[in-house]
Amino acid sequence: MARRPALITQTAIVSPGLSIYPGLMVSGLLLVLVCAVFAAIIATGLTQNTALSFDGVGRLLAFTTAQATASTLIALLLGTILAWSLNHRRHFTGRRMLLALLSVSMVLPTIVTALGLITVLGRNGWLNQVHLSLFGEVSGFSVYGIPGILIAHTWLNAPFIARGLLQRLEGIPAERFKLAASLQFSPWQRFKIVEWPALTIALPGLAITVFLLCFTSFSIVLILGGSPNFNTLEVAIFEAVKLEFDLTRAAMLALVQLGVCGLLVMLAASLPQHSSAISPPSLFYMWPDPKLARALQTGAILLFSVALTAPLAAVVIDGLQGDIFKILQDGLFRQAFATSLIIAGLSSIVTIGCALAIAATRRNLGSYLRTRQSNFSWLVGWLISFMGTGYLAMPSIVLGLGFFMIFQNLPIATDHLAPLVLILANVLMALPFALVVFLPAMQKSGRRYDKLAFSLNIRGLTRWRFIDWPTLRSEIGFVSALSFCLSLGDLGVIALFGNRDFTTLPWLLYQNLGSYRTSDASVIALVLLVLVISVFMLLPALFEKRPHAGS
Amino acid sequence: MLDLENITFHYEDGTQVADYCFNLSIQAGEIAGITGRSGSGKSTCIDIISGFLSPNTGRILLEGQEIGQLPPGLRPVTVLFQNNNLFDHLRVHQNVALGINTSLRLTKDEKRAVDEALDRVGLEDLKDAPSHRLSGGEQQRVALARSLVGNRPVLLLDEPFSALDAEVREEMLTLVRGIVSDKNLATLLVTHDVNDCHKIADNHYDLKDGAFLLRPV
């Protein structure tokens, strides 16, 4: 029986080999690492007094889940309102600045965010100063505890949701809005029939991602929790290792955390994949909204502009008031600065390498699966999907804990392997985000050039040089900045491995906060803020296509 | 019936500048076919008549009444685009029903009108199907069915059959011709295929240098 030409072509695209194995090798290696960590945690968790270590886990799990659920719901509500407002208001002064602020809040080290929020909302913060001058007394509001955690999580995640949803809304074809106008839809009908369906595609995935981020939130809860009553699993793991030296309890908590995160990641992997189906921004057509809707949009835009700017401004102002010169000359600061840059740089490079390899493999295996239906294709498809999001199930502090336990049994000093662990944790943390960017781009490049590349026998490095690099360089620039900033701000693993000889800027900042050297902490926060913004502006620009470079 | 009187429109987007001047008259039951190169202003003309763009000067008249000041929803005009004529998450009959009542709460008579419209375009059997399951040709038929229940006297077709294969396209052109004659609609068909005009248009205009030139059908 003759084979279909499409089948031959697609199979042959996959067969040259080079395009599959790097991704499989990277995935396999990371999987082995994650399994080793998992095994170490299980071994520690199950071999000792389990009953004692389970004490209070239920309460911790309940609080962690409750705060993550509340944070996610608030962030979803506010993020949706902001995205809707920004989609309806495409022309106002400062719109681009607000969009940039949304990105900054996503990559800003969480410890810097916490510090900024304390300056604005704390007992001696800006808000209380205003309250004092207006009413003659400070307000009863405290940024520590549940309000602070919810506000900080909303500050960090509502912009992330807004960006994701705005992309969806901007991708709605202009014809749909024209049709709605022509059919005389009311503003509510326009939202319900035209906009809401576009949002519902993205909402489940965003909700799960944000829930996971809040569920595994560490720095925010550590700094703003304020009391053991408001501890999450992640902070409890840290305290079990660092304060109580109870590795069994830490392992039990980590297993509970892994169980919940694993379930959520499996749920996320089973959701329909829509990332590649995002339409480019369509030509805009929108008829005027009624006054009430316009007032709501203006309010949302103003509220977010102020809310996003205030903590950043607070960090800048506080930082400039500190003794910058003294800090910059401090040996410990310089060491932390250099360590942070090196760790973040290496993490960024490794993340890009791993993500590109996995994305290429997923693209090629995807082509293969479309043409070969077997009994196991669903399993392979699910595994390929899991390769992208699976690492979210392993929070960095749990990963750090696993390595910490492995090192207990090795004849090597923990200090020597700490940088490696930090880089690995950063890579695993940044991979899901990198893949979200690379996968659609890689699939697009595949759809456009696979057949041409095959017919011209372009493969391996030649394919990379002539096809993948020119089409992906912008994405690589963005991901390099993203992974650099995420790595720069991580406080999870360094909290377990950090010491006087091995420290990063976030850890140094936390230590300064802990010893009430808030002035020094403010300067370090300012340095981190400037670093993140500079990297986010400069790195993508370095990768931008030069004129006439060809594409 | 539908008259465009000295409609002028200036377009500028940073790289392109264009000036259009439209004068056109379409009678009830007539199909005016418009062809022209990309960027010649075909879709701009449709957008102006349907109210999505405001002309710089000129008047749009329907049976002598000025309709140029009306918002899109109140204009007696139905538009069919090349794509995205349906809301994918709604069922076929709901997409048609939007032409009668956007709240989708219909009376018995209105429901019957939806069924009849679907029957007219040959999709009665698919009335409960999700719209995203339909083929390109079927989706355009549903949009045509909606124009039938809307009872608006002007039909604007903005390259609605460009993405269809030759056989389906032929069927759709025949269907449109029949509907226009039955309902006595003043119809503007924008297309890049001159053959479409030759098949169903009563008059063929070429849009060149921003203005209509009458061509023999």
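The basis for the numbers below is simple: all heavy atoms, side chains too, and nothing from hydrogens, waters or symmetry mates.
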Do [X] and [Y] pair up side chain to side chain, a donor and an acceptor below 3.5 Å, judged on atom types alone?
| X | Y | value |
| --- | --- | --- |
| Glu195(A) | His88(A) | yes |
| Arg163(A) | Ser103(A) | yes |
| Gln140(B) | Asn85(B) | yes |

(request) Give, as side chain, backbone, both or neither, the part of Asp47(B) having an atom under 4.5 angstrom from any heavy atom of chain A. (result) side chain
(request) Please flag which part of Leu86(B) lies under 4.5 Å from any non-hydrogen atom of chain A: side chain, backbone, both or neither. (result) backbone
(message) With chain A as the partner, which of Thr78(B), Leu98(B), Asp88(B) has the greatest number of non-hydrogen pairs under 4.5 Å?
(response) Leu98(B)
(message) Please identify which of these residues, Arg89(A), Arg294(A), Gln297(A), meets the side chain to side chain donor-acceptor pair (under 3.5 Å) condition with Asp289(A).
(response) Gln297(A)
